[in-house]
Every structure is written in C-alpha cells, then in structure tokens.
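Just so you know, these numbers use all the heavy atoms, side chains as well, and skip hydrogens, waters and symmetry mates.
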Amino acid sequence: MVGITNKTLIAEIRRQQQLSQGIIEGQTAISTGITLTKPSDNALAWVQVSEIGKAQAQQSSWQANVSYGMSRAANAEANLEEINTLLISAQELVTSARNGSLNDAQRTAIFEDVKGIREAIGALLNQADYQGVPVFDDTQSVLVPVSRGLKLAVVGTRQEVSEGIDVGGTPMTLDGILGQALTALQSGTDADLQSALTAIKAGQSHVTIEQAKQGVRSDRLDVTGNRLTSVDLDLKERRQGLESTDLAEVISSVKSKLLQLEAAQSAFARINQQTLFDLIR
C-alpha cells in the first residue's frame with residue numbers, strides 16, 4: 001500500500017508540473033502572440049511553417065538581389081544622364097567654334113572644354129562604385145537571379161554605351177567622336193567642325209537610346225520587386241495564420257489549468273498533512 005501510494009503521489013506531482021508548464025506556455029503564447037513553438041503543438045502546421053520559412057529565405061535572397069540590381073541601375077541611369085548632358089554641351093561648344101569672329105584664346109578655351117568633356121565621359125564609362133563594382137558591365141551584361149528561373153540584366157555594357165555608333169554609315173566610339181571634334185577645333189575649318197558636330201549629335205542620339213534601354217531594365221526590376229513584396233506579404237500572412245495565438249481559446253485554457261492546478265495543490269497539501277498511518281489504513 002505504501003508503494004502504491006508513493007507512486008500515486010509522484011504521478012500527481014508530475015501532473016501538477018505539466019499543468020504549470022501548460023500555464024507558462026499559454027501565458028507565453030498570449031504575450032508573444034505565437035502558439036506554435038514546437039512540432040508537438042501541431043505537426044502538420046509545423047511542417048507548413050517550415051516550408052514557408054524556406055520560401056521566405058529564398059524570397060529574402062531574391063529581394064536582396066533586386067535591391068542590388070536597382071542600386072546598379074540607378075548608378076547607370078545617373079551616368080548616362082550625365083554623359084548625355086556632356087554631349088549636349090559638346091554640341092554647343094563645337095557650334096560656337098564655327099563663329100568666325102572668335103579669337104585664338106576663345107578657340108583654345110573651347111578646345112580645353114571639349115577635351116575635359118572627353119575625359120569626363122571616359123571616367124563615367126569606367127567608373128566603379130565604393131565596392132569596386134563597375135557601373136557598366138564589360139562585354140556582357142551580368143544576369144542577376146531575381147525569381148525562380150528568372151535572371152535579369154540590370155545594366156548595359158560599356159561597349160553598348162560607347163561603341164558601334166553609326167556616323168554616316170561608319171561605326172565610331174564616343175571617344176573617337178570627341179577626338180574628331182578636338183582635331184576639328186585645331187584645324188578650324190568649318191567643314192571639319194560641321195562633320196564633328198554631326199558625329200557628336202549621332203553619339204548623343206545613341207546615348208539617348210541607351211538611356212531608354214536602361215529605363216526598361218529599371219522598370220523590370222521595379223515590377224519584379226513589387227511582385228516579390230506581394231509574395232512576401234502573402235507568406236507572412238500564411239505563417240502568421242499558422243503560428244498566431246487564438247487569444248480567446250488560449251486564455252480560456254490557461255484559466256482552466258489554473259483552476260485545476262489550484263485544486264490539485266490544495267488537495268495535495270491536505271494529503272501531505274496526513275500521517276503515515278493515515279495513508280496505510
């Protein structure tokens with residue numbers, strides 16, 4: 001009888017410990033808003049949350065790639081805009097050089113300005129960011145994965161921007177076009193200046209087209225980023241639905257367990273006040 005009674009007491013202690021643990025878990029669920037903390041809470045929901053977690057990690061990686069791509073795209077757009085502005089300035093300078101009333105000092109100043117534009121455009125084409133990543137890719141655009149099975153080119157290549165410019169049927173580079181302008185400024189003949197001006201206009205038109213292409217790349221990144229955000233919100237909502245606490249249910253459960261624990265502790269206290277002879281009678 002003593003052995004049986006001891007086993008009963010130990011079982012009661014364990015039951016009270018389980019009630020206490022259940023109360024603690026319920027209070028934690030109420031305070032955090034999360035009920036699902038271990039597989040035993042709901043095995044099916046736990047598996048679903050695990051799969052959603054993997055999807056969220058992949059989404060986060062893709063979103064980081066989109067942010068990286070948008071940063072590069074913004075740099076490329078800014079540089080293209082600056083190159084376009086410089087080529088317009090070059091057109092104005094060469095046009096002003098065709099004024100026959102300019103003196104040598106004025107022509108020299110124009111020459112130096114165009115030379116500076118040539119150097120500035122070269123620097124913009126070869127510029128790199130603070131991490132050493134070039135603004136424009138070399139030879140071939142780098143494809144960035146932004147979704148399952150989808151990779152996007154986020155910037156054009158330096159060659160696309162600066163080479164293969166059609167000037168009267170002859171392919172030229174931006175550097176070559178501005179070099180021709182400098183030669184024309186040195187010769188001073190109107191025919192040479194006119195040819196140089198035509199070439200600069202062709203270069204500026206080419207850069208304008210590259211700006212449009214870059215705008216398309218940026219738009220695709222923006223659309224992809226918005227779609228990823230939408231998917232991420234959907235995943236968060238689904239996960240929250242699986243993990244979140246039903247406050248009314250949990251509060252009711254905690255109150256019930258508190259009452260059970262109080263009653264069990266009260267009974268346990270009375271039993272422990274009995275003597276050994278009381279227990280074995």
Side-chain angles (χ1 to χ4, degrees), residues 69 71-129 132-143 153-220:
S71 175
R72 288 200 65 198
N75 288 338
E77 285 185 328
N79 280 27
L80 286 168
E81 179 63 29
E82 183 63 21
I83 290 171
N84 188 56
T85 300
L86 289 169
L87 289 172
I88 291 173
S89 296
Q91 290 179 50
E92 294 171 351
L93 288 167
V94 173
T95 299
S96 66
R98 298 181 67 189
N99 185 342
S101 63
L102 295 179
N103 57 38
D104 290 342
Q106 291 171 323
R107 289 185 179 279
T108 299
I110 290 174
F111 178 89
E112 292 299 325
D113 284 343
V114 173
K115 182 180 178 181
I117 287 173
R118 185 187 189 186
E119 293 172 352
I121 288 177
L124 288 167
L125 288 170
N126 292 282
Q127 187 179 25
D129 64 17
V133 179
V135 172
F136 300 105
D137 288 329
D138 184 35
T139 308
Q140 185 174 358
S141 293
V142 175
L143 299 179
V154 298
V155 298
T157 67
R158 186 173 64 255
Q159 291 78 9
E160 288 172 336
V161 175
S162 65
E163 297 178 6
I165 302 168
D166 184 5
V167 181
T170 301
M172 295 186 68
T173 65
L174 286 178
D175 189 70
I177 287 171
L178 292 168
Q180 177 186 348
L182 291 173
T183 300
L185 288 169
Q186 286 179 318
S187 70
T189 65
D190 190 67
D192 288 345
L193 290 171
Q194 177 59 49
S195 295
L197 183 60
T198 299
I200 294 173
K201 287 180 178 179
Q204 192 255 329
S205 295
H206 176 82
V207 170
T208 299
I209 293 172
E210 291 302 315
Q211 283 181 288
K213 291 180 181 178
Q214 187 58 51
V216 171
R217 296 186 189 99
S218 297
D219 287 343
R220 291 191 69 186

inquiry  = Checking K115 now: which residues fulfil side chain to side chain donor-acceptor pair (under 3.5 Å) with it, not counting sequence neighbours?
reply    = none
request  = Grab the two heavy atoms, one from I200 and one from A181, that are nearest each other, plus how far apart they are.
outcome  = CD1-CB, 3.9 Å
note = Residue set satisfying side chain to side chain donor-acceptor pair (under 3.5 Å) with T173, at least two apart, ordered chain then number -> none
query = Is there any salt bridge (charged side-chain N to carboxylate O under 4.0 Å, His left out) pair reaching into residues 176-201, and which pairs are they, with sequence neighbours excluded?
reply = R98-D190
Side-chain donor-acceptor pairs of residues 160-171 under 3.5 Å, sequence neighbours excluded:
{"unit_1": "E160", "atom_1": "OE1", "unit_2": "T157", "atom_2": "N", "d": "2.9"}
{"unit_1": "S162", "atom_1": "OG", "unit_2": "R158", "atom_2": "O", "d": "2.8"}
{"unit_1": "D166", "atom_1": "OD1", "unit_2": "G169", "atom_2": "N", "d": "2.7"}

remark   = Nearest heavy-atom approach of A196 to Q180 is N-NE2, 3.7 Å
From CG (L80) to CD1 (I209), nearest 0.5 Å = 12.0 Å
note = Tightest non-hydrogen contact, residues L185 and F111, listed as CD1-CA, 3.9 Å
task = Using the test side chain to side chain contact (heavy atoms under 4.5 Å, CB included), find all partners of D104 that sit at least two apart in sequence or belong to another chain.
result = none
request  = Would you please name every residue forming a side chain to side chain donor-acceptor pair (under 3.5 Å) with E112, sequence neighbours left out?
outcome  = none
Partners meeting side chain to side chain contact (heavy atoms under 4.5 Å, CB included) with T183 (sequence neighbours left out) = none
request  = Before giving the answer on side chain to side chain contact (heavy atoms under 4.5 Å, CB included), spell out for I83 and L174 the whole-Å C-alpha distance, their side-chain angles and the decisive distance to 0.1 Å.
outcome  = CA-CA 10 Å; I83 290 171; L174 286 178; 4.2 Å; yes
task = Taking all heavy atoms of D129 and all of N75, pick out the closest pair and write down the distance.
result = CB-ND2, 4.4 Å
query = From L86 CG over to I117 CD1, what is the distance, rounded to the nearest 0.5 angstrom?
reply = 5.5 Å
inquiry  = Between Q194 and T189, does the side chain to side chain contact (heavy atoms under 4.5 Å, CB included) criterion hold? Intermediate values first, please.
reply    = CA-CA 9 Å; Q194 177 59 49; T189 65; over 6 Å; no
request  = Only pairs at least two apart or in different chains count here, so list each salt bridge (charged side-chain N to carboxylate O under 4.0 Å, His left out) that has a residue in residues 87-96.
outcome  = none
note = Shortest non-hydrogen pair, L193 vs V94, comes out as O-CG1, 3.6 Å
request  = For R220, look at atom CZ and say whether over 12 heavy atoms of other residues, nucleotides or ligands are found less than 6.0 Å away.
outcome  = no
query = Taking only residues two or more places apart in sequence or in another chain, which ones pass side chain to side chain donor-acceptor pair (under 3.5 Å) with S218?
reply = E77
key: All side chain to side chain contact (heavy atoms under 4.5 Å, CB included) counterparts of L143, not counting sequence neighbours   = K151, A153
query = Can you list the residues that meet the side chain to side chain contact (heavy atoms under 4.5 Å, CB included) rule with V154, with sequence neighbours excluded?
reply = R72, V144, L221
task = Could you go through the side chain to side chain contact (heavy atoms under 4.5 Å, CB included) check for V135 and L124 one step at a time?
result = CA-CA 8 Å; V135 172; L124 288 167; over 6 Å; no
remark   = All heavy atoms of N84 vs all of Q204, minimum pair found to be OD1-NE2, 2.8 Å
key: Heavy-atom check, side chain of I121 versus side chain of L125, under 4.5 Å   = yes
request  = List for me each residue that meets salt bridge (Lys or Arg N to Asp or Glu O under 4.0 Å) alongside D175, sequence neighbours excluded, and say none if there are none.
outcome  = R118
